[in-house]
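FYI, side chains are in, hydrogens and waters are out, and symmetry mates aren't considered; it's all heavy atoms of this structure. Predicted model, so just to flag it, every value in this text is computed and none were measured. Lettering follows sequence order; numbering is per chain, from 1.
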Amino acid sequence: GAGVSQSPSNKVTEKGKDVELRCDPISGHTALYWYRQSLGQGLEFLIYFQGNSAPDKSGLPSDRFSAERTGGSVSTLTIQRTQQEDSAVYLCASSITASGGQETQYFGPGTRLLVL
Amino acid sequence: QKEVEQNSGPLSVPEGAIASLNCTYSDRGSQSFFWYRQYSGKSPELIMFIYSNGDKEDGRFTAQLNKASQYVSLLIRDSQPSDSATYLCAVYFQGAQKLVFGQGTRLTINP
């Protein structure tokens, strides 16, 4: 079946521009996570959507970052007024949580963002 | 204390030896534990999960869980150069109801 998809796969933008990154989760998955990964670094949690609950935005690094999840499916991560330090791979993952927290995340291929 | 802690490495192991990767976590109520592998330039992929204390074996991989010590490990037997990657430990935190990742351990298998 189809996995998690992300678009675009690569994005080059100029400092100060806004960018939108898209994630299509696996159908039926109720949870959706956004992570950021800088070169050679670990996963940095950004935001988490679970069903109809309010999203956990505790990882967003600044108010320039926001995310939406429409209809419990597709999610868009928006970065306003991009800065060079925003350059990273942005990964999306989706999962379905069974009882007891038996949650397996499946990752998309990522969007490589470069801010010049 | 970090929520999920791993040695960042790099860990270097000769081909054919056993590689041992360790992870500790802060949430005593956690019930679900996962190991992901990430090759350079690729996304993380799930290789094992474990929910019960003890060992769980899958081919050359064995996950070990000790909830009392809040410790989970991954053993890779007969290590191959293709096992060279970053290994990420992930723990489902019951309170926050979300999956939390460690920073990863970079493993290199030397031919």
Original post:
With only heavy atoms counted, which part of A:Ser53 is less than 4.5 Å from chain B, the side chain, the backbone, both or neither?
Top reply: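 Interface part for A:Ser53: neither.
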**OP:** Side chain from CB out, backbone as N, CA, C, O: work out which of these in A:Gln37 comes under 4.5 Å of a heavy atom of chain B, or both, or neither.
**Re:**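 Interface part for A:Gln37: side chain.
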Is [Y] reachable from [X] through a run of I, L, V, M, F, W or Y residues, each pair having side-chain heavy atoms under 4.5 Å apart?
X        : Y        : result
A:Val4   : A:Tyr90  : no
A:Phe45  : A:Leu77  : no
A:Tyr106 : A:Ile47  : no
B:Leu74  : B:Ile109 : yes
B:Leu75  : B:Leu11  : no

**OP:** Using a 4.5 Å cut-off on heavy atoms from C-beta on, say whether the side chain of B:Pro44 contacts that of A:Leu91.
**Re:**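 Answer yes - side chains close enough.
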Original post:
Tell me, do A:Leu43 and B:Tyr36 make a side-chain contact under 4.5 Å, heavy atoms counted?
Top reply: no
Subject >> Part of B:Gln6 within contact of chain A (heavy atom distance under 4.5 Å) >> reply: neither
Original post:
What part of B:Phe33 lies closer than 4.5 angstrom to a heavy atom of chain A: side chain, backbone, both or neither?
Top reply: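 Neither; nothing under 4.5 Å.
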Subject >> Any residue of residues 78-90 of chain B which, by heavy atoms, sits under 4.5 Å from chain A >> reply: B:Leu88
**OP:** May I ask you to list the residues in residues 98-105 of chain B that approach chain A closer than 4.5 angstrom, counting heavy atoms only, ordered by number?
**Re:** B:Lys98, B:Leu99, B:Phe101, B:Gln103
Taking [atom1] in [X] as the centre, count heavy atoms belonging to other residues, nucleotides or ligands within less than 6.0 Å. Is the count above 12?
X       : atom1 : result
A:Leu39 : CG    : no
A:Glu14 : CD    : no
A:Phe65 : CZ    : yes
B:Glu57 : CD    : yes

Subject >> Interatomic spacing from OG1 in A:Thr104 to CZ in B:Phe34 - rounded to 0.5 Å >> reply: 4.5 Å
**OP:** Using atom types as modelled and distance alone, determine if a side-chain donor or acceptor of B:Ser43 lies under 3.5 Å from a backbone N or O of A:Gly108.
**Re:**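 Yes.
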